[in-house]
Each structure stands twice: as C-alpha cells, then as structure tokens.
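Accompanying notes for the structure given below.
In the text below, chain A, chain B and the rest are named by the order of the sequence lines, each starting its count at 1. What's counted below: heavy atoms across the whole structure, side chains too, no hydrogens, waters or symmetry copies.
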2 protein chains.
Amino acid sequence: MKNNKKLSGVKEIARLADVSIATVDRVIHNRSGVSAITKSKIEKIIKELNYQPNILASRLASGKVYRLAVLIPKGSERTDFWDAPLKGIKRAEEEIRQYGISVDFFFFDLNNKDSFIDSAQKIKNSKRFDGVLLAPSFVKESIQFIHYCEQDTIPFVFIDSNIEAKGILSYIGPPLFQSGFLGARLCAIGMRQTQKILFVNISKESNSFNYSKIEEGFNNYFFENDVDHQLIKLDITDTEKKSVFLNLEKIFSQHPDIEVIFVTNSRVFYVAQFLESKKYSKIHLVGYDFSKENQNYLKNGWIDFLICHKPEEQGYKGLMSLYHHIVLKLPVDQIYFMPIDIVTRENQDFYR
Amino acid sequence: MKNNKKLSGVKEIARLADVSIATVDRVIHNRSGVSAITKSKIEKIIKELNYQPNILASRLASGKVYRLAVLIPKGSERTDFWDAPLKGIKRAEEEIRQYGISVDFFFFDLNNKDSFIDSAQKIKNSKRFDGVLLAPSFVKESIQFIHYCEQDTIPFVFIDSNIEAKGILSYIGPPLFQSGFLGARLCAIGMRQTQKILFVNISKESNSFNYSKIEEGFNNYFFENDVDHQLIKLDITDTEKKSVFLNLEKIFSQHPDIEVIFVTNSRVFYVAQFLESKKYSKIHLVGYDFSKENQNYLKNGWIDFLICHKPEEQGYKGLMSLYHHIVLKLPVDQIYFMPIDIVTRENQDFYR
DNA sequence: CTGAAAGCGCTTACAG
DNA sequence: CTGAAAGCGCTTACAG
C-alpha cells in the first residue's frame, strides 16, 4: 500500500492519525485544545515513528526570537578576568544568532552591590527574557533575583560561582575543593627546607563560600598526604596595592624564611609585584587565573603556577546551555565542573 | 516611498535589482548564466544591504546532504587513545546532523600500512565525499591520498599530527616542540640528587617527525635554563610489553641511580607497570595521554604527570572545521594548536 | 540569460 | 476541539 510519496514529519503523522497537521503541531508542543483521545493517538504514532522535529523548519516558520539576558561583572582596569567569560559568551552568541537568539548584556561592578541590584532590576522590568545567564557574585542579592526567575519560570544558569537555588538549570564553574587540593600540591613542589607556606587571601569577602572551599581542599592535601609543613595565613581585606604591600612587609619581617606563597585568586600578581620589588626570587608562588597581569609575571618567572578554570569556556558553555534547553529542548547537565588547568611559563602560550 | 511591506533577503534584493529571485540566487552562489551587467548590479546591492543569507532557509530548501569522510586509526586493545578523537567526532556529528551532514567512518590499523591504503582507496572509490578528516599517521601514504583530494578540490583536515600539504584546510593538533619543552620542566621537578633522566621512546617509528620535535623541545629546555642533568636515551622499537620490560631491566642494571623517566607517548603505562613490578617507587615518571591505563597509574601514583592534548576536542574541532568551511562558508584557522595540558592525580577527575 | 512556480517541514492566525 | 491555507527565506527544476 506504499503508494503515497514518502511523506515524513508532521505530514506523515497527520496522515497516519487521520487528522490535520495543525492538530499534530498542537500535540507536539503540548498546546491545549486537543481531545484526549486524539492526543494519545498522535503521541503513539510519534513514538512509533521515533519522530524528531526538524528544527531548521521549526525555527524558520516561527519567527520567534528568543531573548537571553546576561548579568556578569564588568572587566575593570584592575583585572580583566571577566573579559574572558564575556568573550566566550559573545562567541556563543555569534554561533547561535542565526538561529533566532538575541542576547542583552547587563554589567555590574564587583565593588558595588547596588550596581548588581540595578542591573537585576532592569532585567526584571523589561519582562521579556526567556533565559538568564548570571554570575551570582553577591549572594543575598542573587538569591532575591533568582526568586523572581523561579516565579516566572525563567530558566537561569550560574557561572563561576554557585549558590543554593532550586530552580537552577545549570551551574558551570570550578570544583573549588579539588582546586585548592591541587594548589597545595603545586605548593609542595616548591618546598625545600623550612617548608613555610604563606596562604594569602586578598579580597573584601575573604570568608565567602568560594574561598573557604579552596582553603578546605588546600588543607586537606597536607592532611591526606601527611606532608610536613608550616602554614601561615594572611587575610588582606583592603585590596589596594599599597595595602597588599604593607601586609606582606609585615609578614616577611616576622617570617623571613617563607618559601612558598599561595594566593587564592587572581590578585596573585600583586604578590608577584611585591616579590619583584624585594628581589625575593627564590620564593615559589602559586595563584589563580590567566589574566594579562598574571601572564606577564608567569612569563618572567615571578609566578610559578597558575590554576585556571577556562573562564572563556564557562561563558560559552553558559550561554549554550540556555540555548540547548530553551530552543533545542535538549537535556542539560545540572552541574558542569570545569577542569582544573595548570598553567606554567612553558605552556602558557597555548592556553585559552 | 516605503510602501512595500518590509521585504528582506533575496526578495528585497530581487526587487531592488528588478530581477527575479532565481537570478539573485544564481549570483549569490556564483552560478553561471547571468549577464555580467546584471551580476554586478546584484552584487552591488548585496554589498549595500550587507546581506547575510539565512542558513536555516537555505539548508531547508536545498535537500542537499553534505557527506564527510573520517579516516583515523581504530582504538586497539592495547591503547584506547583513538577512542577519544572518535568520541569528539561523534559529538560533532550529533550536533550538526540536523543541518544535513552525514559522516562515514573509515578506520585503519596503526600497525598496518595496508589497512590505511585500503581505507583511503575506499574513500576515493566512492567519489561522493565533500570533505575528509584524517590522521596522517603514515606519511608517504597520506601524501598520496592528499594528492587525490587536492586534484578533486576536496577539502581535508588533519588531526593529531601534521605533514606538508598545500591544499590543507586546517591542522588541529599539539605544538610538539613546546610539549617536549614542558615535559622537561615536569621532569626537572622530580630531580633530586643524581639528576639522571631516562628518555624513552617506545614506538616502531622512533625517528618520526613527531618524536624528534618532542625531543628537540625537551633538550632545549635544559639548554635554555642551563639545568645540570644527565640524559640517557632509550629507543624501544618492539612495542610489546615483554620487550619494554627487558629493555628497562638492562638500562637499570647499567644505571641503577635513575631518578626521572620521560616517555614520549601513551605507552608510558608500560614503564609504570615496570616500576610497580620492581617497586621503584621513588622514580618520577612523566608521559603522554589520558588513556585508561595511564589514568590508573596516575591515580595510584606510579605516574606523576601526564601531558595531554585534548584528543576528544581535536576530533570535535576537526569535524566542525569541515562543517564551518563547507556548509557555513566561514573562515577556518589553518593551524590550530591545542593547549598543552598537565594532568596529575589531583586534577585528573575533572579532565576531559 | 531570465523568471514563474512549487516545495523544503514546520508554525500561525483564522474560521468553524 | 479541529482543519485549510498562507507563509518563513531560501532552492530547484522547468520553461522560455
């Protein structure tokens, strides 16, 4: 009976179910207005045919443009860290724009909570976004914003750091504990005699979740491997260069025999500057992030190891997750841990 | 005069040029049968409008399916290295299949040149591929095959290793010299007293371009940094485990004070097995590739560092380059160097 | 050398 | 609750 010319897709389903393609479309998209009996008949056929909608045709026919909002810190003069995720997001945008995606950017200042609140408010007010990608840098404020998303069932994705949120679609970022664990290993490489390690946190929020996870992993390494060492902890909450230098001066006057320094974030270049100014060239320095400043100090040897978590990739993956979920209806990993990359002066030219 | 309802795309171009859309289409695709004058008129309008064809509509209307051929080694029982690129290629295939791409796989045996020749012949015979992704493992045979591609102007992409080829679309693989350079640094970390390093090559083609590049970089590190060391070189051309063990026995009887071993490829796990069998637990071992076997020996400490070049990513990028070039007509990097990743037991769980 | 028309596989009003 | 018809922006025969 195969006298029909090889139909496929909705047409074929419609023929088999003896309905119109409009009805098939309703079932496919779970729209109302189809009798239960018709619906189940069509669903059965869809399953039997293992029907996969043609997304090309779908996107073309529906003129719908999906709008995504991005809420991340702006790159500052002080550090270009956030330029990388932005670059990754723009790369993703480039790729999916032709499939009817538009992306609006909202930035905030990491030193200014209000700027976060303002930007978040703008996203809320516009009331026209189908998804949000954000860095939940300010915990309380992020939770509040997420609340709004959950209410309006707007999917959202976190990058770089994580907070508790039940409605979350995906978290893309570093495995912090293991990252600190590896940091300790890279420090151990530099231990020679006194085994004195300085653990430095340069941040306004030194007791944040992120940093304490890193510290936990760091300590765990020495515990697990039973490595002799002496740890000195230094919190610097004023992140100006001058303050960093003063704090380091003081510590070094108390402990002139420090062999290794570990810095928990991208401000490691301040410490490198300090070492350079003092000509403490024997000290082994380990820190975070592949920023311009850090790259320079890695290149000329003041920094020994940088730990990185592919910030550009995080941005790229973050936006793509939204696209996969919203447009392609593909499943998306709820947690996607970035690898923990080790960058040295020998491989830094090929790191991205 | 904007009384026309916002036309766009070919229709708008046709209207402005006062021709039919069929003629516009001819110009867009550089097909013959258009008078020079009409052609230049249309081209001018296209430029002015900064027209970007809607690829969704294009792929939908033209039922054309692009066929790509993949020619790579098959994963063997001995090493699963080539499973990773294959996985990456399949991931890319999955992603672009809906855009009308089909991929055919042709495998060969790394221990058998004829199998390469056979598979290459099959690709030639079918005469229906629009692009080829291949690993040019056998240099002479690859050149011959590439010749055919160049003649028929079939774009091709190399992954993992490179050879001279003028018609090449893209090479995606490791920067070998730097990779060896970093390898030396990772070896230097393990030097304590005798500074004796064993440099091992376990391969049937120990003098291949790949290995000599790695060795060059390796030696260059010690030269540039003026590091005291004593290098012992060992070539093992019979890649059976038994032969590897025998060769190592012999070397160790001559040099019982070896501190560090560097292995130039994924067969490093044989050396780890040897060290384990001898309980030489103090020896620092560095090698290549994130294969299953190597992962195990990294986990339990017999291997200290693995250098990797994201084999899965190479496969993924390789296929995507062909897609970008052939279907999307996007520009493609002629050389894309993979990063040089350092994998340790501390970060191996998050490596991909 | 050029154009009118059908069609790719969907979605979207609109009418009933 | 259901269907006929137009249309998304292209491409492809086919006719002239």
Side-chain angles (χ1 to χ4, degrees), chain A residues 4-43 45-46 49-66 97-101 130 326-329, chain B residues 4-43 45-46 49-66 97-101 130 326-329:
Chain A
N4 55 308
K5 349 121 195 169
K6 217 173 89 221
L7 288 177
S8 64
V10 284
K11 271 191 206 160
E12 173 70 355
I13 298 170
R15 192 185 61 84
L16 290 170
D18 202 26
V19 296
S20 75
I21 56 170
T23 298
V24 172
D25 194 65
R26 287 182 185 100
V27 172
I28 288 171
H29 295 98
N30 236 309
R31 264 185 258 107
S32 59
V34 183
S35 74
I37 182 157
T38 311
K39 186 171 175 185
S40 73
K41 184 163 61 168
I42 293 175
E43 275 168 345
I45 294 171
I46 286 176
L49 257 48
N50 188 21
Y51 167 71
Q52 305 283 73
N54 181 325
I55 164 184
L56 253 49
S58 166
R59 303 302 348 272
L60 180 61
S62 115
K64 175 150 180 62
V65 169
Y66 289 97
R97 188 180 17 216
Q98 52 187 316
Y99 305 128
I101 312 293
D130 304 291
I326 297 171
V327 181
L328 305 187
K329 318 287 196 229
Chain B
N4 55 306
K5 350 122 198 172
K6 218 175 88 220
L7 286 177
S8 65
V10 285
K11 268 190 207 160
E12 173 70 352
I13 297 170
R15 192 185 63 82
L16 290 170
D18 202 25
V19 296
S20 75
I21 55 170
T23 299
V24 173
D25 194 66
R26 286 181 186 103
V27 172
I28 288 172
H29 295 98
N30 236 310
R31 264 185 258 107
S32 59
V34 183
S35 74
I37 184 158
T38 310
K39 186 172 176 184
S40 72
K41 185 163 61 169
I42 294 175
E43 275 168 345
I45 294 170
I46 286 177
L49 258 49
N50 188 21
Y51 167 71
Q52 304 283 75
N54 180 323
I55 163 184
L56 252 51
S58 166
R59 303 303 348 272
L60 179 61
S62 114
K64 175 151 178 61
V65 169
Y66 289 97
R97 188 179 17 213
Q98 51 187 318
Y99 305 128
I101 311 293
D130 303 289
I326 297 171
V327 181
L328 306 185
K329 317 294 198 220

Going by the rule side chain to side chain contact (heavy atoms under 4.5 Å, CB included), which residues pair with Leu16(A) if we only count those two or more places apart in sequence or in a different chain?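 Per chain and number, Leu16(A) pairs via side chain to side chain contact (heavy atoms under 4.5 Å, CB included) with Glu12(A), Ile45(A), Leu49(A).
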
Between [X] ([atom1]) and [N] ([atom2]), how many Å, whole number?
X: Lys11(A); N: dC10(C); atom1: NZ; atom2: P; value: 9 Å
X: Gln52(B); N: dC10(D); atom1: CD; atom2: C1'; value: 15 Å
X: His29(A); N: dG9(C); atom1: NE2; atom2: C1'; value: 12 Å
X: Tyr99(B); N: dC8(C); atom1: OH; atom2: P; value: 21 Å
X: Ile28(A); N: dG9(C); atom1: CD1; atom2: P; value: 13 Å
X: Glu12(B); N: dC10(D); atom1: CD; atom2: P; value: 11 Å

Nearest nucleotide by nearest heavy atom, which residue falls closer to the 5' end of DNA chain C, Leu60(A) or Arg31(A)?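 Final value for this comparison: Leu60(A).
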
Counting only side-chain nitrogens and oxygens, does Tyr51(B) get under 4.0 Å of the OP1 or OP2 atom of dC10(D)?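 Yes, such a contact exists.
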
Below 4.0 angstrom from OP1 or OP2 of dC8(D), is there any side-chain N or O of Lys64(A)?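 For dC8(D), neither OP1 nor OP2 has a side-chain N or O of Lys64(A) closer than 4.0 Å.
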
Distance in Å, Ile42(B) CD1 paired with Ile13(B) CD1, rounded so as to fall on 0.5 Å steps: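 Atom-to-atom, Ile42(B):CD1 and Ile13(B):CD1 are 8.5 Å apart.
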
How long is the gap from CZ on Arg15(B) to OG on Ser20(B), to the nearest 0.5 Å?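 Interatomic distance, Arg15(B) CZ to Ser20(B) OG, rounded to 0.5 Å: 15.0 Å.
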
Pairwise side-chain contact, His29(B) with Val24(B), heavy-atom cut-off 4.5 Å (strictly under):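 A side-chain contact under 4.5 Å is absent here.
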
Within the structure provided, determine whether Tyr99(A) and Leu56(B) are in side-chain contact (heavy-atom separation under 4.5 Å).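 Contact flag for Tyr99(A)/Leu56(B) side chains = yes.
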
Partner set under side-chain hydrogen bond (donor to acceptor under 3.5 Å, both in side chains) for Thr38(B), not counting sequence neighbours: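 Counting only residues at least two positions away or on another chain, Thr38(B) forms a side-chain hydrogen bond (donor to acceptor under 3.5 Å, both in side chains) with Ser35(B).
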
Mind checking what makes side-chain hydrogen bond (donor to acceptor under 3.5 Å, both in side chains) contact with Lys64(B), not counting sequence neighbours?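 Lys64(B) satisfies side-chain hydrogen bond (donor to acceptor under 3.5 Å, both in side chains) with no other residue.
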
Tell me, which pairs form a salt bridge (charged side-chain N to carboxylate O under 4.0 Å, His left out) where one or both residues lie in residues 49-62 of chain B, sequence neighbours left out?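 Applying salt bridge (charged side-chain N to carboxylate O under 4.0 Å, His left out) to every pair that reaches into residues 49-62 of chain B, excluding sequence neighbours, yields nothing.
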
Is there any protein nitrogen or oxygen under 3.5 Å from a nitrogen or oxygen in nucleotides 2-5 of chain D, and what are the pairs?
unit_1, atom_1, unit_2, atom_2, d
dT2(D), OP1, Ser35(A), OG, 3.4
dT2(D), OP1, Thr38(A), OG1, 2.7
dT2(D), OP2, Ser35(A), N, 3.0
dT2(D), OP2, Thr38(A), OG1, 3.4
dG3(D), OP2, Ser20(A), N, 2.8
dG3(D), OP2, Ser20(A), OG, 3.3
dG3(D), OP2, Thr23(A), OG1, 3.0
dG3(D), N7, Arg26(A), NH1, 3.4
dG3(D), O6, Arg26(A), NH2, 2.4

Applying the Watson-Crick and G-U criteria (both distances under 3.5 angstrom) with [ ] for crossing and | for other-strand pairs, one obtains for DNA chain C |||.||||||||.|||

Any side-chain to backbone donor/acceptor pair from Lys41(B) onto Ala17(B)? Under 3.5 Å, distance only.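 Yes; at least one donor-acceptor contact below 3.5 Å.
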
